[in-house]
Novice: 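Have a look at this one before I ask anything.
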Amino acid sequence: MAAAGGAGQEKQLAPTLLSFFIYNPKLGPKEGEEEKKILFYHPNEVEKNEKIRNVGLCEAIVQFTRTFSPTKPAKSLHTQKNRQFFHEPEENFWMVMVVRNPIIEKHKDGKPVYEYQEEELLDKVYSSVLQQCYSMYKLFNGTFLKAMEDGGVKVLKERLEKFFHRYLQTLHLQSCDLLDVFCGISFFPLDKMTYLKIQSFINRMEESLNIVKYTAFLYNDQLIWSGLEQDDMRILYKYLTTSLFPRHMEPELAGRDSPVRAEMPGNLQHYGRFLTGPLNLNDPEAKCRFPKIFVNTEDTYEELHLIVYKAMSAAVCFMIDASIPPTLEFCRKLDSIVGPQLTVLASDICEQYNINKRISGAEKEPQFKFIYFNHMNLAEKSTIHMRKTPSVSLASVHPDLMKILGDINSDFSRVDEDEEIIVKAMSDYWVVGKKSDQRELYVILNQKNANLIEVNEEVKKLCATQFNNIFFLD
Amino acid sequence: MEDKGEVKCIKFSLGNKILAVQRTLKSVDFLNFIPDSPQLEYTQECKTKNANILGFCWTSSTEIVFITDQGIEFYQVLPEKRSLKLLKNQSINVNWYMYCPESSVILLSTTVLGNVLQPFYFKSGTMSKLSKFEIELPAAPKSSKLSLSERDIAMATIEGSCKKTHILKLNRTGKFALNVVDNLVVVHHQDTETSVIFDIKLKAEFDGSTTIHQFVLPPRSIQPYQIPVAGPASVTSQSPVPCKLYSSSWIVFQPDIIISASEGYLWSLQVKLEPVVNLLLDKGKLMDFLLQRKECKMVILSVCSQMLSEPERGSLSVIATVFDKLNHEYKKYLEAEQSYTLVVEAGLSRSNPLLKRPVRTQAVIDQSDMYTHVLSVFTEKKEAPHKFTIAVLMEYIRSLNQFQIAVQHYLYELVIKTLVQHNLFYMLHQFLQYHVLSDSKPLACLLLSLESIYPPAHQLSLDMLKRLSTANDEIVEVLLSKHQVLAALRFIRGIGGHDSISARKFLDAAKQAEDDMLFYTIFRFFEQRNQRLRGNPSFTPGEHCEEHVTFFKQVFGEQALMKPTTF
C-alpha cells in the first residue's frame, strides 16, 4: 500500500447494520406484486422501489446459487462496501441482514478517504447473529407460519414490526465475536449436594404450584437447571442474561433511597421478587401480565407464560401453560411459597460456592485467557470477556486476536476430525485452538520470545488444571 | 415332696435345679433337683429377727433374695453342701415389692404412704442400691394409710432404662392395667374397654426432669382372641366365639401376660403394626413409631409403597421426610458397623471384650430393600406422572447423599431407565454434568449403550471413564471401536502406556478404518517402538502382525518398511 508514509489521522468506523428485511417469494409471485413479498423492511424509510430491488437481488442470488448446491444455497454475499447474510429459517421465509464493512477513514490532501475493510467481518459470526434474530423472534412470537395461520400476512407483519423495531436496536454488530457463534450457556459450578437440594426445591415447587410446566434455575446469571429442552433454553438464556437480568439491578445493592428499593413490598421475611409480572403484590390493581414464550415449536408447539422470580442472586423461571392466566392470587401464593425457600437456598448456594472456591484455590484468576465451548451441552466459558452488561459482552483482547479465534473456528467446522491449530500473532501473542471430539478450546498467550514447544507446554498445563475431569485429548 | 404344711409360694431357680418353697413367714425350704443327689430338704431362716418374709426371688441359678418387711437378704445357695451363704443384706421398711427378671431389679415400696420406691439391682453375687424415687400422689392422703399399692405399679424393661423419667398422660379415671410389649407401654382401661399405647422413645413435652407423654394412637380395643368351640368334630363348623375382654377377672402380668381368671385363659399380648398405619396419619410420626418396633420392616416398606401411589399419594416434602428418617437409621447402623470393622481390623477386639458386632435390626432399611420392594415396583407401574417418578428417585438419592451414604449403581440405573423411557435426555445430561449420578464403570457402559439414541452419551461416557482413572483400557477400546485409532494412541501415550499395548489391536483397527494414511502412521509408530525397545523395527512373531506387514508392503511397497539402524 502506498499510504505508509503519509498516514495522517486515521479513524476506524465500526461495522453497522445497513438493512434488515424479511420476505417470502411465494407471497407475490406475479410481476407488479413484488411488494407483497416483503414482510418487514428496516429501515422503513427506504423508498418502495429500492426495497423491491434489494429483495429481488437477494432472491436472484439465492436462486442462482441453488443451481450449484440445491440444498445449501448462498449464505452470504461479499461486496466491497458491505456484506449480506441470508437465512431461510422456515420454508420460503427469508431473512436478510446487510452489514456495512468496517471503514478506515483517512485524510489525503485534506479530503477524507474511506477504505473499506472487506475481509474483516466473519461470515460465521454474523450468520449466527442473524439466526439468533430468528430464534429470539420465535421465542416470543412463535413461528412465521403460525402467525400466518393465526391471521394471515397482516398479523405476521404486525408481529415482525413490533418485535424487530425494538430488537434491531439492541444488536451490537461492532462487538460480535466467537461467543455469538457458540451462543452457549454458562453453567454455575456447584457441588453435588447443593445441586440435589436445588433439584428437590424445584420438584417441590412444581408440585405446590401445580400449573407449572417447566422450571429453569439460575444463579449469578449462570444456569444450574433447565426443564426446557436445550435449544429453547439456549435462546431463553440469552434473553435472560443479556436483556432481562441487566434491566433489573439488585435492589439489595441499590442505595436505600433508590427508587428500585422503594418498589419492594414491605416484606421482611424474604428477598423474593418478580422480574416479570406484578411489581407490588399488595396493590390490588397490580397487573399480572407475563411475557409469553413459545417452545418445542418443532413438535408440540407450546405457548407459555414466563414468570421470572428472583431472590438475591438466585433466579427461577416458572413456565406455565398460556391457557391458564396467572392471577394475582396465584402470584401471591407463589411469592409466599417460593420467596422464603429461595432466599434460604440462595444463601446456601453462595456459602457453598465460597467454600468450594477456597478448597479448589480457584480464587486466583488464571493467567490464561481462553474460551471453551462444548457442542454437546452448549457449555461455554470465557476468561476473555468481561461480565455481560445490558448492551454487550466486551472482549478484553484486541479485535484482531478475536478475529483469529473466529478464523480458527471456521477451520474447525470444516472437518470432523480432532485438530489443533497454533497461530503466532503480532506482538508476542500466540493463539492456540484445540478441538477434541465435540469440544473446542481457544487460548491466547502472551509470552515474550516463546517458541512453539513452550506454547504447547503452557496449553497442556491449562488443560491439566482446568479440564482434568473431562476427556480432552492433549 | 413331703407335706409339711401349707405352701405359700414355690419357685424354681434359673435352670430348674433348685426348688424353693415357702411354707412359713420365717423361713424358706430348699430341695435339690440334681441327678444322683439326695432329695433332702434344707431350710434357711431369715436373718433379721422378728421379720416376716414377704417373698423371695431367684436372681440366678444359685442366688436368691429374700424380701422381708424389714429389709432384703441376698443369699448364695450351695446345693452340694445343702446350705445357704448370706452375701449381703440391707435393712429397710418394706410394704411390698416387685421383681423384674429381665433387668434383675427389685423394686421396694417404703415409707408409710408407700410412695417411695427403692430399686435394687443384682448381678453375679453383687447387690447395688439404685437411686430411689417418689411417686407423686394425686391428692394429699387423709390418713397415714398405704396409698400406693403394688397394683398401681408395673415394671418392665424398656430399652434397658429403669428410671422414672416419663409420665404417661391418660386423661381418664378408673381402673387401669398395664403391659409392656415391643418397648411400648400398653395401658388397659376397664371402664371404656379400650387400651392406649405409649411410646416413651418418641419426642414429647419435657419439663426439665421428666417427659410427659400423650398416647400415640387413639384408644382402641384389643382384638379379641377367638376361642374355638370345643366339641365333637361334627359341630366344629360353628364359628369360634370371641372371648370377653377387659373383664374384672383379668390379672395382668409383666411384661405381656394377661390372665382371664373367669375363662381360664392365659394370653400374651401382641402389637399389630398394620392397623397403626391407618391410625397415625402424620407419616413422619408414623415412621418414628414404626422404626422403634421389632417387626417393622415390611410394614415400613408397605407404607413407602403406599405413599408413592394413588389414592394416598404423599407430597414430596412428606416423602422427603420419610426417606430422611429411614436413611438416618440406616446411616447409624452403617457407622456402627464401620467403627466395629475398624476396631477388629486394628486388632483391638481382644482387649475390648465388650465390643460386639452391631445388631442389624429390622429398622435398618437399606437401598436394596427400597429398590426391591418400593422403587422398582413404583417405577414399573408407571401410573404416576414421570415428573413425580423422577422427583421421588431424586429425592431418595438426595437423602442418601445428605447422610453421606454411597448410592448403589442400580438406583442410578433406575433413574436413567426412567429418563430414557420418556426421552428426557437433556435432563439426564444435566444430572451427569453435575455428577449427581456418580461415576462408575457400569454407568459409563450404560451410557455407551445409549449412544445410538442420544449421541452426546458417548462424550459423557468417555469423560466418566477418564475421571475414574482406572478405566484406561476401556477408553482405548471405545476409541478403537469408533476407529479413532490416532486418538486412542495419543491417549495411551499421554498416560505413558504406549510401550505395553498390543500392536496388533491398533493395526487391526487402523486397517478397518480403511484409511491408508492412518494405517501408515500407526504402522510406523510401532516400527519406531520396536526399534526403540529392541533395536530392530520388525515385529516379533509373538505380536502376530504378519498380515499387517504383508498389507503394508502391498500398499506402500517393500522399500517403505523401516530399515534397522545400526549403531
Side-chain angles (χ1 to χ4, degrees), chain A residues 185 187-208 210 212-217 223-234 299 337 341 374-379 416-418 420 436-439 460 463-464 467-474, chain B residues 313 315-317 319-320 323 387-388 390-402 404 407 423-427 429-439 454-467 469 475 478-479 482 484 486-491 493-495 518:
Chain A
I185 294 170
F187 286 93
F188 187 77
L190 205 59
D191 66 294
K192 178 166 46 168
M193 196 54 230
T194 317
Y195 185 80
L196 283 167
K197 268 194 210 162
I198 294 170
Q199 273 297 318
S200 180
F201 163 82
I202 293 167
N203 289 332
R204 272 182 286 125
M205 292 308 109
E206 287 190 356
E207 186 182 57
S208 316
N210 53 13
V212 172
K213 218 166 167 183
Y214 305 106
T215 307
F217 194 102
L223 187 67
I224 292 177
W225 169 254
S226 163
L228 282 183
E229 285 304 310
Q230 202 178 46
D231 281 337
D232 291 323
M233 192 62 228
R234 179 187 225 170
D299 41 65
I337 297 174
Q341 296 199 48
N374 182 356
H375 288 272
M376 291 284 102
N377 60 359
L378 308 181
D416 276 342
E417 306 280 307
D418 291 358
E420 188 165 338
S436 169
D437 195 22
Q438 298 293 319
R439 295 181 165 108
K460 266 194 182 167
C463 291
F467 306 106
N468 60 341
N469 60 346
I470 55 172
F471 186 79
F472 198 74
L473 273 178
D474 287 330
Chain B
R313 211 168 86 181
S315 73
L316 284 171
S317 53
I319 291 166
F323 285 166
K387 233 181 193 178
F388 180 75
I390 293 156
V392 167
L393 294 175
M394 291 315 284
E395 204 54 66
Y396 188 61
I397 290 174
R398 185 220 28 96
S399 180
L400 289 169
N401 271 290
Q402 195 153 312
Q404 293 166 321
V407 182
N423 286 316
L424 298 168
F425 292 106
Y426 189 42
M427 245 185 219
H429 202 130
Q430 294 183 66
F431 288 153
L432 289 160
Q433 201 175 317
Y434 281 96
H435 309 302
V436 165
L437 311 177
S438 305
D439 299 342
Y454 185 63
H458 175 74
Q459 191 190 64
L460 290 167
S461 170
L462 271 184
D463 290 351
M464 194 176 277
L465 291 170
K466 162 89 186 293
R467 285 192 297 267
S469 78
I475 291 178
V478 169
L479 292 173
K482 303 218 87 192
Q484 294 180 324
L486 220 47
L489 203 54
R490 284 174 67 186
F491 168 75
R493 200 179 55 182
I495 57 164
L518 177 69

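Below, each value reflects all heavy atoms present in this structure, side chains not excepted, and no hydrogens, waters or symmetry copies. So that the names make sense, note that chain A is the first sequence line, chain B the second, and so on, each numbered from 1.
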Novice: What part of Ser436(A) gets closer than 4.5 Å to chain B, counting heavy atoms only: side chain, backbone, both or neither?
Specialist: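 Ser436(A) has no heavy atom closer than 4.5 Å to chain B.
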Novice: Given side chains that start at C-beta, do those of Lys466(B) and Ile470(A) come closer than 4.5 Å, heavy atoms only?
Specialist: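 Answer no - side chains too far apart.
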Novice: With heavy-atom distances below 4.5 Å as the criterion, would you say the side chains of Phe471(A) and His458(B) are in contact?
Specialist: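 The answer is no; the side chains never approach within 4.5 Å.
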Novice: I want to check something: taking the side chain as every heavy atom from C-beta on, are Ser200(A) and Glu395(B) in contact at a cut-off of under 4.5 Å?
Specialist: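 They are in side-chain contact.
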Novice: Side chain, backbone, both or neither: which part of Glu417(A) has a non-hydrogen atom closer than 4.5 Å to chain B?
Specialist: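 Contact with chain B involves no heavy atom of Glu417(A) at all.
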Novice: Side chain, backbone, both or neither: which part of Ile202(A) has a heavy atom under 4.5 Å from chain B?
Specialist: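 Interface part for Ile202(A): neither.
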Novice: So that I can tick it off, tell me whether Arg439(A) and Asp463(B) are bridged by a salt bridge, with the cut-off set at under 4.0 angstrom between side-chain N and carboxylate O.
Specialist: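 The answer is yes: the pair qualifies as a salt bridge.
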Novice: When rounded to the nearest 0.5 angstrom, what distance separates CD in Gln402(B) from CE in Met193(A)?
Specialist: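 Going from the CD atom of Gln402(B) to the CE atom of Met193(A) covers 4.0 Å.
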Novice: For Asp416(A), does the CG atom have more than 12 heavy-atom neighbours from other residues, nucleotides or ligands under 6.0 Å away?
Specialist: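 Incorrect, the count does not exceed 12.
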Novice: Pick one of side chain, backbone, both or neither for Phe388(B), based on which atoms fall under 4.5 Å of a heavy atom in chain A.
Specialist: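 Just its side chain gets close to chain A.
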Novice: Can you tell me how far apart CZ (Phe431(B)) and CG (Leu196(A)) are? Round to the nearest 0.5 Å.
Specialist: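 Phe431(B) CZ to Leu196(A) CG: 8.5 Å, rounded to 0.5 Å.
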Novice: Of the backbone (N, CA, C, O) and the side chain (C-beta and beyond), which part of Ile495(B) lies under 4.5 Å from a heavy atom of chain A, both, or neither?
Specialist: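 Neither; nothing under 4.5 Å.
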Novice: Is Ser315(B) close to chain A through its backbone or its side chain, or both, or neither, when contacts mean heavy atoms under 4.5 Å?
Specialist: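 Looking at Ser315(B), backbone and side chain both touch chain A.
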Novice: If I measure from the heavy atoms of chain A, does His435(B) come under 4.5 Å with its side chain, its backbone, both, or neither?
Specialist: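 Both backbone and side chain of His435(B) come within 4.5 Å of chain A.
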Novice: To the closest 0.5 Å, what do you measure between NZ (Lys387(B)) and CG (Asn210(A))?
Specialist: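 Reported value, rounded in 0.5 Å steps: 10.0 Å.
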Novice: Nearest 0.5 Å, please: how far is CZ in Arg398(B) from CD1 in Ile198(A)?
Specialist: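 Reported value, rounded in 0.5 Å steps: 13.0 Å.
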Novice: Can Asn377(A) and Gln433(B) be counted as having a side-chain donor-acceptor contact under 3.5 angstrom?
Specialist: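 There is such a pair (donor and acceptor under 3.5 Å, judged by atom type) between the side chains of Asn377(A) and Gln433(B).
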Novice: Under 4.5 Å from any heavy atom of chain B, what part of Phe467(A) do you find: side chain, backbone, both or neither?
Specialist: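 For Phe467(A), the backbone is the part near chain B, not the side chain.
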Novice: Answer with side chain, backbone, both or neither: which region of Glu207(A) has an atom nearer than 4.5 Å to a non-hydrogen atom of chain B?
Specialist: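 For Glu207(A), the side chain is the part near chain B, not the backbone.
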Novice: Could you tell me how the ring of Tyr434(B) sits relative to the ring of Tyr195(A): parallel (under 30°), tilted (30 to 60°) or perpendicular (over 60°)?
Specialist: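 Taking Tyr195(A) first and then Tyr434(B), their aromatic rings lie parallel (interplane angle under 30°).
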Novice: Measure distances from Leu460(B) to the heavy atoms of chain A and classify the residue's part below 4.5 Å as side chain, backbone, both or neither.
Specialist: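 For Leu460(B), there is no contact with chain A at all, as no heavy atom is under 4.5 Å.
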Novice: With heavy-atom distances below 4.5 Å as the criterion, would you say the side chains of Gln199(A) and Ile397(B) are in contact?
Specialist: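 They are not in contact (no side-chain heavy atoms under 4.5 Å apart), so the answer is no.
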Novice: Nearest 0.5 Å, please: how far is CD1 in Ile319(B) from CZ in Arg204(A)?
Specialist: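 Going from the CZ atom of Arg204(A) to the CD1 atom of Ile319(B) covers 11.5 Å.
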Novice: First locate atom CE of Met427(B), then atom CD of Glu229(A), and finally report the distance between them rounded to the nearest 0.5 Å.
Specialist: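 The CE atom of Met427(B) sits 8.0 Å away from the CD atom of Glu229(A).
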Novice: Give the member of Asp437(A), Leu228(A), Ile224(A) that has the highest number of heavy-atom pairs under 4.5 Å with chain B.
Specialist: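 Most pairs with chain B among the choices: Ile224(A).
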Novice: Relative to chain A, which of Arg467(B), Gln459(B), Met394(B), His429(B) shows the most heavy atom pairs under 4.5 Å?
Specialist: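 Top count of heavy-atom pairs under 4.5 Å with chain A: Gln459(B).
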Novice: Heavy-atom distance under 4.5 Å to chain B: side chain of Asp191(A), backbone, both or neither?
Specialist: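 For Asp191(A), there is no contact with chain B at all, as no heavy atom is under 4.5 Å.
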Novice: Within a strict 4.5 Å, meaning less than it, do heavy atoms of the Pro456(B) and Gln438(A) side chains meet?
Specialist: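 Contact flag for Pro456(B)/Gln438(A) side chains = no.
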Novice: Determine whether the side chains of Asp418(A) and Gln484(B) contain a donor N or O and an acceptor N or O closer than 3.5 Å.
Specialist: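 Gln484(B) and Asp418(A) do not have a side-chain donor-acceptor pair below 3.5 Å.
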